[in-house]
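Structure first, commentary second.
Note that the structure is predicted; figures quoted are calculated from it, not measured.
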Amino acid sequence: MKRQGIYKPTVEDAIEIGGIETLHPGGFALTRRTAELAELTEGLKILDVSSGRGTQSLFYSREFGVEVTGVDISEEMVRTSTSNAEKAGLENRVRFRTGDSQSLPFEENTFDVVINECAVGIPDDSQKVLNEMVRVAKPGGRILIHESTWRMKLSNEEKDEFSERYGTTPLELAEWLGMLEKAGVKNIVYEFEQWSRPEMFWKIRKDRDVSHWFFTMSIPEKLKTMKRIYSKFGMSGIMTVMTNERVFYRTVLQGKLGYALFKGEK
Ligand SMILES: C[S@@+](CC[C@H](N)C(=O)[O-])C[C@H]1O[C@@H](n2cnc3c(N)ncnc32)[C@H](O)[C@@H]1O
């Protein structure tokens, strides 16, 4: 849903401000599974849509010898990921650029594999994101996404309020499947229950497998994050982040929110 009124930091904003390397539930275990289902092999051309800090793009290239293009709307993310690629000595095989996932800056039929980890539900039009992912994939190319997915029927009011706090719009499993099909994705398979256990939502760090994004941060990390939130959004921003976090984890613990991995072909 579109956000209205004065902009207040969402759970997604707080995670990004926290400087955490992997910005999705399931952490690196899910990134590894994504690579496995994508059948990455040396020389393939991969597009990592909404590549964030570039952690996954670098992993794909390092582990499988693939050539990766990462695209993200945030200039700051692109700067950080480019510098991470240089530090890793992978700048010849992994490149990052700015762009909107709803209108990708690439020719059609360009990539063997197109991946979007945890960012189809963020822009206003998730259907456009999927359509674009399919457009730039080669015929027969693989399309993979993982996304926040409702595990129960909830009222529209509850869903809307949650999306506003989370900063992304979860959908029901059937809705994601319908949108992927509408975009032209064929032979869709998915994994839902194993990625929906509450501890998956605590697993968002690369170096520490089970870790709540904020409460298990070290004290210096916490202070740095709070300072950044305060300077961007003021005291009310800090209060909003705390409330959003509480609602987020309550929703997960009540078993309402899960997480699903989807794979299909163009
Ligand atoms: C939850 S993070 C996921 C980052 C990375 N894929 C990962 O799993 O660690 C969402 C990312 O989507 C990016 N993003 C948000 N809206 C976007 C858009 N319209 N086009 C491209 N990227 C976008 C953000 O800048 C952020 O880096």
Side-chain angles (χ1 to χ4, degrees), residues 1-27 50 52-53 55 72-80 100-102 117-126 129 146-152 154-171 196 198-206 208 210-259:
M1 69 172 293
K2 290 193 180 82
R3 295 173 55 80
Q4 287 160 357
I6 300 167
Y7 191 82
K8 294 203 179 133
T10 63
V11 172
E12 285 285 345
D13 291 323
I15 292 171
E16 281 180 32
I17 290 169
I20 292 164
E21 323 79 0
T22 303
L23 307 175
H24 60 253
S50 297
R53 295 196 163 77
T55 319
D72 199 285
I73 203 157
S74 151
E75 281 177 18
E76 193 192 326
M77 288 291 184
V78 171
R79 261 196 309 277
T80 306
D100 186 344
S101 54
Q102 298 163 107
E117 300 197 58
C118 198
V120 179
I122 295 176
D124 289 340
D125 193 336
S126 301
V129 177
H146 44 77
E147 265 305 335
S148 298
T149 305
W150 294 118
R151 299 171 88 188
M152 290 181 191
L154 302 177
S155 70
N156 286 340
E157 290 72 36
E158 189 173 355
K159 286 191 208 169
D160 287 351
E161 198 216 332
F162 184 82
S163 300
E164 184 87 1
R165 291 181 182 282
Y166 189 13
T168 189
T169 304
L171 295 177
S196 294
E199 65 265 30
M200 290 299 160
F201 286 86
W202 309 176
K203 252 182 197 283
I204 56 172
R205 301 201 61 159
K206 182 164 158 265
R208 279 169 255 167
V210 179
S211 166
H212 182 300
W213 82 269
F214 184 74
F215 293 104
T216 58
M217 273 180 170
S218 64
I219 290 171
E221 277 178 328
K222 268 186 199 167
L223 290 175
K224 203 160 80 185
T225 304
M226 282 310 208
K227 221 169 125 191
R228 286 188 189 151
I229 294 173
Y230 180 75
S231 64
K232 220 167 158 183
F233 299 101
M235 197 55 208
S236 73
I238 303 249
M239 302 311 283
T240 304
V241 164
M242 299 309 244
T243 312
N244 290 351
E245 281 286 299
R246 257 202 321 277
V247 173
F248 178 75
Y249 285 103
R250 199 177 57 212
T251 308
V252 170
L253 287 169
Q254 287 169 341
K256 292 176 176 172
L257 185 71
Y259 203 72

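- Taking M152 as the reference, L154, K256 meet the side chain to side chain contact (heavy atoms under 4.5 Å, CB included) condition, with sequence neighbours excluded.
- Taking the six-membered ring where tryptophan is involved, the planes of Y166 and F248 are tilted, since the angle between them lies from 30° to 60°.
- Taking 4.5 Å as the limit, every side-chain heavy atom of V241 sits out of range of all side-chain heavy atoms of Y230.
- Remark: S155 pairs with E157, E158 by the side chain to side chain contact (heavy atoms under 4.5 Å, CB included) rule, at least two apart or across chains.
- In this structure a side-chain-to-backbone donor-acceptor pair under 3.5 Å is missing from S101 to V129.
- In this structure, the side-chain hydrogen bond (donor to acceptor under 3.5 Å, both in side chains) partners of T149, at least two apart in sequence or on a different chain, are W176.
- Within the 4.5 Å cutoff, side-chain heavy atoms of N156 are placed close to those of K159.
- Among residues two or more places apart in sequence or in another chain, the side chain to side chain contact (heavy atoms under 4.5 Å, CB included) test is passed with R246 by T243.
- In this structure, NZ on K224 lies 12.5 Å from CD1 on I229, to the nearest 0.5 angstrom.
- By the ring-ring contact (aromatic ring centres under 6.0 Å, His included) test, F233 is found to be paired with no residue, residues two or more places apart in sequence or in another chain being considered.
- Residues forming a side-chain hydrogen bond (donor to acceptor under 3.5 Å, both in side chains) with E117 (at least two apart in sequence, or on another chain): T31, Y60, H146.
- Applying the side-chain hydrogen bond (donor to acceptor under 3.5 Å, both in side chains) test to D125 and every residue at least two apart in sequence or in another chain returns nothing.
- Taking OG from S196 and OH from Y259, the interatomic distance works out to 10.0 Å, rounded to the nearest 0.5 Å.
- Remark: S50 pairs with no residue by the side-chain hydrogen bond (donor to acceptor under 3.5 Å, both in side chains) rule, at least two apart or across chains.
- Screening I122, L171, V120, T169 for a side chain to side chain contact (heavy atoms under 4.5 Å, CB included) with E147, the sole residue that qualifies is V120.
- When every heavy atom of Q102 is checked against every heavy atom of P123, the shortest pair comes out as CD-CB, 3.5 Å.
- Partners of S74 according to the side chain to side chain contact (heavy atoms under 4.5 Å, CB included) rule, which considers only residues two or more places apart in sequence or in another chain, are D72, E76, M77.
- For the atom pair CD (E161) and CG (N244), the distance works out to 9.0 Å, reported to the nearest 0.5 Å.
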